[in-house]
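Convention: sequence-line order gives letters A, B, ...; per-chain numbering from 1.
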2 protein chains.
Amino acid sequence: MAKKKPVEADVSTEEKIKEAARKVFTQKGFAATRTRDIAEEAGLNLALLNYYFRSKQALFEIVMMEKLQQLFGNLYPILDEEITTLERKVEMVVHAYIELLSANPDLPLFVLSEIRADPERFGQRIQAGKILRDSYFIKQLRERRPDMHPIQFVMSIMGMTLFPFIGRPVLQAIGSLSAKEYQALMEERKTLIPKWIGAILKVK
Amino acid sequence: MAKKKPVEADVSTEEKIKEAARKVFTQKGFAATRTRDIAEEAGLNLALLNYYFRSKQALFEIVMMEKLQQLFGNLYPILDEEITTLERKVEMVVHAYIELLSANPDLPLFVLSEIRADPERFGQRIQAGKILRDSYFIKQLRERRPDMHPIQFVMSIMGMTLFPFIGRPVLQAIGSLSAKEYQALMEERKTLIPKWIGAILKVK
DNA sequence: GAAATTTTTAATCATTTGATTAAAATATTT
DNA sequence: AAATATTTTAATCAAATGATTAAAAATTTC
């Protein structure tokens, strides 16, 4: 028969729903997302959402955990390398983030908004706290600049790297930049930010 | 009579609603805010909200315009001063922002989230684009570093300044900092960021 | 102080929205 | 191929939510 294996059926219904949920939740946030939006985006019947995932909340939970992992999960392996230099780590982290966020520009605003909506729930679920605090990266920062709180540098690295994606509509308007021009600036920042962090680490 | 002028009546009902709306909208965003939340926060009957402001959307509009002004409106007067040096402007802007955000920590995440929800509507409503682009600040940046796109510096200044408030739950967890300690770091950043931007402007 | 106006309230409406259900369609097992 | 299990659908439910209304209360005007 011709229709034995539907061409698109290689992606399971469950995965279609998750993929649609990733897209819609990330774009609009939990509160502004209607389960019907997700069903429509997936091209599926609304009831399937509850059939496979029980509730909007449960589906969101899954997506949110993925996104937390995506945004923070790859950080620790880089930052806790023992032999890699501080400078090299900054290069790697900044590069990795700009690559990631260029492909997922809504990620940081989504994650940080949802964390704000329920700080204790998600704030705790980031073990990143203890894990990062005891990392070699923090140790290296302390050695290099014992006079400064290491978080001051973390704030600046993350700020310089993430903010262009968080505030993109505003920044793009200020600069009257096309999407292509904006992306070019992001590429440039891959080397710019490490250089600047280097300068910051030196200055007293 | 004892109850001729109710003690709290010096604040009009209309203003009570606006104040409650500011608080709830800023904390939870438009979509997650129910008009009942606002009425309750104001200690008033739900119907008064529509009586004074017609609709949730109309009330939101008012609050949002206020918040846009609060977040971006004070920027231009500082940045377009003709005689003030670049360095001094950075000092002033960073100081003003950290003061503002220490009192209104939810402001940037709120504004940027709502802009993302409808970029063309609010993005355009920030005349900041043209206005800032032609400011003396940008001119000074161009003169100082003709080799760099001025927006690269704007991104970094705003990132370093705003991000600690946008990502506060995460950063506070990473550093296991108390509210007081966190605020102390923000105070420190008032001088730290200008110093760092100075270093960034120099480095080639 | 009576009449008119404005403000406030309680009750209710209409829509939206997350979720459920029973039946139909499809796939799997025997 | 019949029986069974799984997946999908259309219809519907119940609660939440933005908004309205008519009456009551308070205030202002005359």
Visitor: Parallel, tilted or perpendicular: which one describes the rings of A:Phe25 and A:Phe60, with boundaries at 30° and 60°?
Guide: perpendicular
Visitor: What's the CD-C1' distance between B:Glu14 and C:dT7, to the nearest Å?
Guide: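 Those two atoms, CD and C1', are 12 Å apart.
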Visitor: Any protein N or O atoms within reach of nucleotides 17-24 of chain C? Criterion: under 3.5 Å, listing atom names and distances.
Guide:
unit_1: C:dT17; atom_1: OP2; unit_2: A:Arg34; atom_2: NH1; d: 2.6
unit_1: C:dG18; atom_1: OP1; unit_2: A:Thr33; atom_2: O; d: 3.4
unit_1: C:dG18; atom_1: OP1; unit_2: A:Lys56; atom_2: NZ; d: 3.3
unit_1: C:dG18; atom_1: OP2; unit_2: A:Thr35; atom_2: N; d: 2.7
unit_1: C:dG18; atom_1: OP2; unit_2: A:Thr35; atom_2: OG1; d: 2.8
unit_1: C:dG18; atom_1: N7; unit_2: A:Arg36; atom_2: NH1; d: 2.8
unit_1: C:dG18; atom_1: O6; unit_2: A:Arg36; atom_2: NH2; d: 3.3
unit_1: C:dA19; atom_1: OP2; unit_2: A:Lys56; atom_2: N; d: 2.7

Visitor: Got a sec, which pairs hit ring pair (Phe, Tyr, Trp, His ring centres under 6.0 Å) with one end in residues 83-107 of chain A, sequence neighbours left out?
Guide: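 The answer is none; no pair qualifies.
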Visitor: How close or far is atom P of D:dT7 from atom CD1 of A:Ile17, stated in whole angstroms?
Guide: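 That distance rounds to 11 Å.
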Visitor: Checking B:Ser113 now: which residues fulfil side chain to side chain donor-acceptor pair (under 3.5 Å) with it, not counting sequence neighbours?
Guide: A:Ser113
Visitor: Quick one: B:Leu59 CG to D:dG18 P, roughly how many Å, whole number?
Guide: 11 Å
Visitor: For the backbone of A:Pro169 and the side chain of B:Arg116, can you confirm whether one donor and one acceptor N or O come within less than 3.5 Å of each other?
Guide: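 It does not hold such a pair.
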Visitor: Take the C1' atoms of the five end pairs on each side of the helix from C:dG1-D:dC30 to C:dT30-D:dA1, derive the two axes, and give their angle rounded to 10 degrees.
Guide: 10°
Visitor: Could you tell me how far apart A:Leu48 (CG) and C:dT26 (C1') are, to the nearest whole angstrom?
Guide: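 For the pair A:Leu48 CG and C:dT26 C1', the rounded distance is 13 Å.
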Visitor: Find the distance B:Asp37:CG to D:dA19:P and express it as a whole number of Å.
Guide: 14 Å
Visitor: Can you pull the side chain to side chain donor-acceptor pair (under 3.5 Å) pairs that have at least one residue in residues 159-174 of chain A, sequence neighbours excluded?
Guide: A:Arg168-A:Gln172
Visitor: Side chain to side chain donor-acceptor pair (under 3.5 Å): which pairs involve residues 99-111 of chain B, sequence neighbours left out?
Guide: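 For residues 99-111 of chain B: B:Glu99-B:Lys190, B:Ser102-B:Gln183.
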Visitor: Take the protein atom CZ of B:Phe53 and the nucleotide atom P of C:dT8, then report the distance between them rounded to whole Å.
Guide: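 Interatomic distance, CZ of B:Phe53 to P of C:dT8: 12 Å.
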Visitor: With a 3.5 Å distance limit and no angle check, can you tell me whether A:Lys56 reaches the backbone of A:Leu49 through a side-chain donor-acceptor pair?
Guide: no
Visitor: Please identify which of these residues, B:Ile166, B:Leu162, B:Thr26, meets the side chain to side chain contact (heavy atoms under 4.5 Å, CB included) condition with B:Leu109.
Guide: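 Of all the options given, the one that passes is B:Ile166.
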